[in-house]
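Each chain gets a letter, A, B and so on, in the order the sequences are listed, and its residues count up from 1.
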Protein chains: 2
Amino acid sequence: MSIEIIFGQQLRKIREENKLSQEELAFRAKLDRTYISLLERGKRRPTLNTIFALTQQLNISAAEMVRLVEEQVLNFHH
Amino acid sequence: MSIEIIFGQQLRKIREENKLSQEELAFRAKLDRTYISLLERGKRRPTLNTIFALTQQLNISAAEMVRLVEEQVLNFHH
DNA sequence: ATATTGTGATGACTATAGTCCGAAAATGAT
DNA sequence: ATCATTTTCGGACTATAGTCATCACAATAT
């Protein structure tokens with residue numbers, strides 16, 4: 001499992017927990033709606049700045065988000 | 001203080017603690033020598049994948065790296 | 001039936017991440 | 001001071017992050 005796929009899965013999960021649509025999250029994070037879709041499907045690799053922009057709208061710290069991704073990466077890495 | 005400036009400062013600090021030259025870190029992380037220089041001076045914004053590639057060579061987790069950046073951002077944010 | 005809302009998909013586009021080469025400048029030995 | 005190592009800076013380049021407009025399609029509501 002690649003980093004971007006796992007990031008996308010976590011993003012979707014957290015977004016849904018926050019009961020936001022892709023469009024609403026995009027608006028609040030000042031990003032494009034279709035880009036959120038691309039991210040969640042693992043088609044794009046977010047920059048650190050983008051991770052900050054997203055997590056600030058999702059009641060989670062950037063570090064915690066990355067920790068969740070890292071956890072999954074290490075788990076899948078065997 | 002912008003995210004990329006703070007990231008650059010942290011990267012340089014951690015690289016020096018690991019006693020690696022920019023060139024050696026670049027080689028190990030499969031990145032370009034001059035790009036490490038750009039990152040450390042806050043001229044580029046790394047993707048999540050790049051952060052993983054770098055931290056794997058620096059005896060630090062990606063999440064901890066981001067936590068350090070976040071800490072600095074919040075401190076400066078007033 | 002037909003709006004409405006949420007998401008996926010595509011293609012064309014702009015902005016910027018990341019590479020490559022080389023030379024100048026800084027740093028740090030000896 | 002000189003020499004080697006490291007870093008910075010330049011420009012030209014390639015790859016990809018992120019935008020925009022639009023269509024399709026499913027689910028739910030009216």
Side-chain angles (χ1 to χ4, degrees), chain A residues 1-63 65-66 68-70 72-73, chain B residues 1-63 65-66 68-70 72-73:
Chain A
M1 294 291 270
S2 64
I3 292 171
E4 56 268 24
I5 291 286
I6 291 172
F7 177 85
Q9 293 172 347
Q10 289 297 328
L11 177 60
R12 173 162 293 173
K13 182 164 176 285
I14 295 167
R15 174 180 63 80
E16 288 174 346
E17 285 170 4
N18 278 265
K19 300 192 192 313
L20 292 183
S21 67
Q22 292 180 350
E23 188 162 12
E24 185 62 25
L25 173 58
F27 176 76
R28 296 191 189 185
K30 296 186 169 58
L31 292 167
D32 195 79
R33 174 186 72 82
T34 65
Y35 178 56
I36 304 294
S37 174
L38 289 168
L39 278 177
E40 289 188 356
R41 288 177 287 134
K43 305 289 189 188
R44 288 293 187 279
R45 301 171 172 184
T47 63
L48 181 57
N49 293 63
T50 299
I51 295 172
F52 270 81
L54 289 169
T55 54
Q56 279 169 12
Q57 307 303 325
L58 293 172
N59 297 307
I60 187 176
S61 69
M65 176 60 146
V66 172
L68 291 169
V69 173
E70 202 157 30
Q72 295 290 320
V73 170
Chain B
M1 293 292 272
S2 65
I3 292 171
E4 57 269 26
I5 291 286
I6 291 172
F7 177 85
Q9 293 172 347
Q10 289 297 329
L11 177 60
R12 172 161 294 175
K13 179 163 176 288
I14 295 167
R15 176 180 62 79
E16 289 175 346
E17 286 169 2
N18 279 263
K19 300 192 193 308
L20 292 181
S21 66
Q22 291 181 351
E23 187 161 14
E24 184 63 25
L25 173 58
F27 176 75
R28 296 190 189 185
K30 296 187 168 59
L31 292 168
D32 194 79
R33 171 179 60 87
T34 65
Y35 178 55
I36 304 295
S37 173
L38 289 168
L39 279 177
E40 289 188 356
R41 286 176 289 133
K43 306 291 190 187
R44 288 293 187 279
R45 300 170 173 187
T47 64
L48 181 57
N49 295 61
T50 299
I51 294 172
F52 270 82
L54 289 169
T55 53
Q56 279 168 12
Q57 308 304 325
L58 293 173
N59 299 305
I60 187 176
S61 69
M65 176 61 147
V66 172
L68 290 170
V69 173
E70 203 157 29
Q72 295 290 320
V73 170

Rounded distance in Å - [atom1] ([X]) to [atom2] ([N]):
| X | N | atom1 | atom2 | value |
| --- | --- | --- | --- | --- |
| B:L31 | C:dA17 | CG | P | 14 Å |
| B:K30 | C:dC20 | NZ | C1' | 18 Å |
| B:D32 | D:dT14 | CG | C1' | 12 Å |
| A:E4 | C:dA17 | CD | P | 17 Å |
| A:L25 | C:dT5 | CG | C1' | 16 Å |
| A:L39 | C:dA9 | CG | C1' | 15 Å |

Report task. Could you tell me which residues satisfy side chain to side chain contact (heavy atoms under 4.5 Å, CB included) with B:E4, sequence neighbours excluded, listed by chain and number? Result ->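 Residues passing side chain to side chain contact (heavy atoms under 4.5 Å, CB included) with B:E4: A:N49, B:S2, B:R45.
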By salt bridge (charged side-chain N to carboxylate O under 4.0 Å, His left out), which residues pair with [X], not counting sequence neighbours?
| X | result |
| --- | --- |
| A:R41 | none |
| B:R12 | B:E40 |
| A:E17 | A:K13 |

Report summary line: Its contact letters, B for base, S for sugar-phosphate only and - for none at protein heavy atoms under 4.0 Å, make nucleotides 7-13 of chain D read SBB----
Say you draw a straight line from [atom1] of [X] to [atom2] of [Y]; how long is it, rounded to the nearest 0.5 Å?
| X | Y | atom1 | atom2 | answer |
| --- | --- | --- | --- | --- |
| A:L48 | B:I3 | CG | CD1 | 6.0 Å |
| B:I51 | B:L11 | CD1 | CG | 10.0 Å |
| B:F7 | B:L54 | CZ | CG | 5.5 Å |

Query raised in the report: Heavy atom of residues 45-57 of chain A under 4.0 Å from DNA chain D: which residues?
Result: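 Output list: A:R45, A:P46, A:T47, A:T50.
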**Report entry** Between A:T50 and A:T47, a side-chain donor and acceptor under 3.5 Å
**Finding:**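 Note: A:T50 and A:T47 side chains meet the donor-acceptor criterion.
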